[in-house]
K.L.:
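Pasting a structure below so you can have a look.
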Protein chains: 2
Amino acid sequence: MGSAERKERDKQEMREMILTAAKNLFIREGFEHVTIRRIAEVIEYSPATVYLYFTDKDAILCALQELGFRELYKRQQVLSVIKDPAERLRACGKIYMEFAMENQEWYDLMFIMRAPMKAFDTPEDWNLGRDTYEVLRSIIVECIDQGYLKARDPQIACFALWSLMHGVVSIFIRDRAPMIPKEHRNHVIDGILDFTMAELLEK
Amino acid sequence: MGSAERKERDKQEMREMILTAAKNLFIREGFEHVTIRRIAEVIEYSPATVYLYFTDKDAILCALQELGFRELYKRQQVLSVIKDPAERLRACGKIYMEFAMENQEWYDLMFIMRAPMKAFDTPEDWNLGRDTYEVLRSIIVECIDQGYLKARDPQIACFALWSLMHGVVSIFIRDRAPMIPKEHRNHVIDGILDFTMAELLEK
DNA sequence: TAATAAAATAAACACTGTTTAGTATATGGG
DNA sequence: CCCATATACTAAACAGTGTTTATTTTATTA
């Protein structure tokens with residue numbers, strides 16, 4: 001009697017329901033309104049019920065994080081049509097920082113906040129981050145192969161470039177750039193990209 | 001009758017007392033243990049009393065932040081003995097990242113956390129950050145003047161370098177570098193410095 | 001000394017995330 | 001069909017948080 005399968009299906013549906021509620025609260029009202037009680041309210045169950053489907057709030061935030069990464073992946077897909085690796089490298093940076101500035105709370109959840117990382121047993125389990133990193137790494141390796149970049153250590157070059165991009169957007173997102181007016185931010189991002197490409201690539 | 005002056009002195013002493021308690025809790029037990037109730041406990045007053053001397057918790061965290069900046073300033077002082085601006089630029093980066101890795105919670109409070117910034121009416125009031133930025137900016141200007149650096153826009157070069165350093169340490173501090181084992185971090189930081197100096201400076 | 005002004009606090013408020021113990025509901029066997 | 005069992009759900013509490021209010025204690029001044 002395949003009622004066990006239906007049970008499993010129902011359980012998955014409920015998990016989906018909770019996640020959708022959390023996602024909508026996140027999108028419509030922002031991170032700080034994503035509370036267990038508000039989620040419970042939306043799905044019309046008691047707060048305690050949420051804990052029958054997720055071990056804790058961090059697990060929910062972790063699942064939300066995944067949605068953010070899916071959006072970033074989607075945006076990164078256009079990179080494959082760019083043949084020149086140097087051009088692709090620039091576009092990669094542009095896409096990354098554009099995503100961050102247009103989806104600041106998602107980016108925060110993905111790359112800054114502590115909470116969602118606590119859902120992993122060990123930081124090594126964070127494959128979403130590693131996959132994003134791999135996109136950049138493969139481009140850089142190609143840049144080196146084609147002689148655009150003479151970096152001795154691709155690992156260092158890759159981490160440096162990611163750090164640069166993350167640094168820029170996280171300084172903006174957490175309001176640590178009083179010397180740069182808000183309306184100049186996009187211009188600065190382009191300036192940083194120009195600067196980096198000019199300094200980095202072989203002339 | 002100069003009792004008004006004594007009143008003011010007493011008030012300042014109490015503020016100092018609260019701040020010292022907060023600082024010690026921060027150092028000895030970490031950020032998450034810095035709560036109004038714990039502070040009140042330490043100074044042997046009621047939690048409500050704290051609010052007679054600080055408008056809210058963010059104001060206390062903001063004052064704590066200042067202590068962090070003072071330590072960073074102190075470390076930056078050794079830069080003045082380095083005559084060569086290129087060498088000074090490297091040392092500046094090294095000091096910054098070393099401070100961050102050795103005082104991760106202080107760095108977090110200074111450059112990552114939202115809370116202490118809420119104490120400012122506007123982000124422009126964050127002079128502590130601007131001052132630190134100025135140290136780097138003056139070095140870069142000197143590097144350009146002496147022909148070490150051919151950056152068109154010093155503002156962009158400066159923000160890029162700060163972003164790079166902040167990016168590196170904040171990725172580590174917020175556990176977003178699963179691809180780099182903890183024991184390799186210091187080596188990576190040196191690698192990033194080498195890489196940056198090599199790519200940036202005129203050969 | 002009594003009236004006034006200042007300082008300190010007890011207790012509550014409005015929230016968190018989370019757990020426990022008890023209640024409904026659905027399932028499967030006789 | 002009924003009843004025991006297992007599952008699903010929840011009310012209420014727990015242990016925290018930052019913060020405010022109304023009250024009491026303390027100090028000052030006339």
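Each chain gets a letter, A, B and so on, in the order the sequences are listed, and its residues count up from 1.
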K.L.:
Any salt bridge linking B:Glu134 with B:Arg137? Criterion: basic side-chain nitrogen under 4.0 Å from a carboxylate oxygen.
P.N.:
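Looking at B:Glu134 and B:Arg137, the cut-off is met.
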
K.L.:
Please state how far atom CE in A:Met14 lies from atom P in D:dT7, giving the value in whole angstrom units.
P.N.:
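After rounding, the gap between these two atoms is 17 Å.
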
K.L.:
How close or far is atom P of C:dT9 from atom CD of B:Glu44, stated in whole angstroms?
P.N.:
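Distance check: B:Glu44 CD to C:dT9 P gives 10 Å.
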
K.L.:
So which protein N/O to nucleotides 21-23 of chain C N/O distances come out below 3.5 Å?
P.N.:
none

K.L.:
Is the ring centre of A:Phe159 less than 6.0 Å from the ring centre of B:Phe195?
P.N.:
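When the ring centroids of A:Phe159 and B:Phe195 are compared, they turn out to be at least 6.0 Å apart.
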
K.L.:
Quick one: the side chain of A:Arg37 and the base of C:dG17, do they pair up donor-acceptor inside 3.5 Å?
P.N.:
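Flag set: donor-acceptor pair detected.
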
K.L.:
In whole Å, what is the span from the CD1 atom of B:Ile43 to the P atom of C:dA7?
P.N.:
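About 15 Å, once rounded to whole Å.
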
K.L.:
Is the distance from OP1 or OP2 of D:dC9 to the nearest side-chain N or O of A:Thr49 less than 4.0 Å?
P.N.:
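So the side-chain polar atoms of A:Thr49 never come under 4.0 Å of the phosphate oxygens OP1 or OP2 of D:dC9.
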
K.L.:
Could you tell me if the ring centre of A:Tyr45 sits under 6.0 Å from that of A:Tyr53?
P.N.:
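Ring-ring flag for A:Tyr45/A:Tyr53: false, centres at least 6.0 Å apart.
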
K.L.:
What about A:Trp106 and A:Phe26, are their ring centers closer than 6.0 Å?
P.N.:
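Between A:Phe26 and A:Trp106, which both carry aromatic rings, the centre distance is below 6.0 Å.
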
K.L.:
Answer yes if the ring centres of B:Phe111 and B:Tyr96 are under 6.0 angstrom apart, and no otherwise.
P.N.:
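Under 6.0 Å, so yes.
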
K.L.:
Considering non-hydrogen atoms only, spot the tightest contact between A:Gln65 and A:Met110 and give its length.
P.N.:
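Heavy-atom minimum between the residues: NE2-O, 3.4 Å.
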
K.L.:
For the pair made of CD1 in B:Ile18 and C1' in C:dA8, what is the distance, rounded to whole Å?
P.N.:
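So the CD1-C1' distance, B:Ile18 to C:dA8, works out to 12 Å.
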
K.L.:
Counting only non-hydrogen atoms, which of residues 51-67 of chain B are less than 4.0 Å from DNA chain D?
P.N.:
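Those residues whose heavy atoms fall under 4.0 Å from DNA chain D, taken from residues 51-67 of chain B in numerical order, are B:Tyr51, B:Asp56, B:Lys57.
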
K.L.:
What is the separation between atom CZ on A:Arg114 and atom P on C:dG17, rounded to the nearest whole Å?
P.N.:
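Distance check: A:Arg114 CZ to C:dG17 P gives 19 Å.
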
K.L.:
Round to a whole Å and report the spacing from OH of B:Tyr45 to P of C:dA8.
P.N.:
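Rounded to the whole Å, the gap is 5 Å.
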
K.L.:
Measuring only between side-chain heavy atoms, which start at C-beta, is A:Thr49 closer than 4.5 Å to A:Ser46?
P.N.:
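Result yes, sub-4.5 Å side-chain heavy-atom pair found.
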
K.L.:
Among A:Leu64, A:Asp108, A:Leu25, A:Leu61, whose side chain to side chain contact (heavy atoms under 4.5 Å, CB included) with A:Phe31 holds?
P.N.:
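Of the listed options, the one satisfying the test is A:Leu61.
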
K.L.:
Taking B:Asp194 first and then A:Arg152, would you say they form a salt bridge - that is, a charged N and a carboxylate O separated by under 4.0 Å?
P.N.:
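Salt bridge flag = no for A:Arg152 with B:Asp194.
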
K.L.:
May I have the distance from A:His33 (atom NE2) to C:dT16 (atom C1'), rounded to whole angstrom?
P.N.:
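In whole Å, C:dT16 C1' and A:His33 NE2 are 13 Å from each other.
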
K.L.:
For B:Thr35 and D:dT17, is the shortest distance between a side-chain N/O and OP1 or OP2 below 4.0 Å?
P.N.:
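Checking D:dT17 against B:Thr35, a side-chain N or O does come within under 4.0 Å of OP1 or OP2.
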
K.L.:
Calculate the interatomic distance between A:Ile39 atom CD1 and C:dG17 atom C1'; express it in whole Å.
P.N.:
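Result: 11 Å.
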
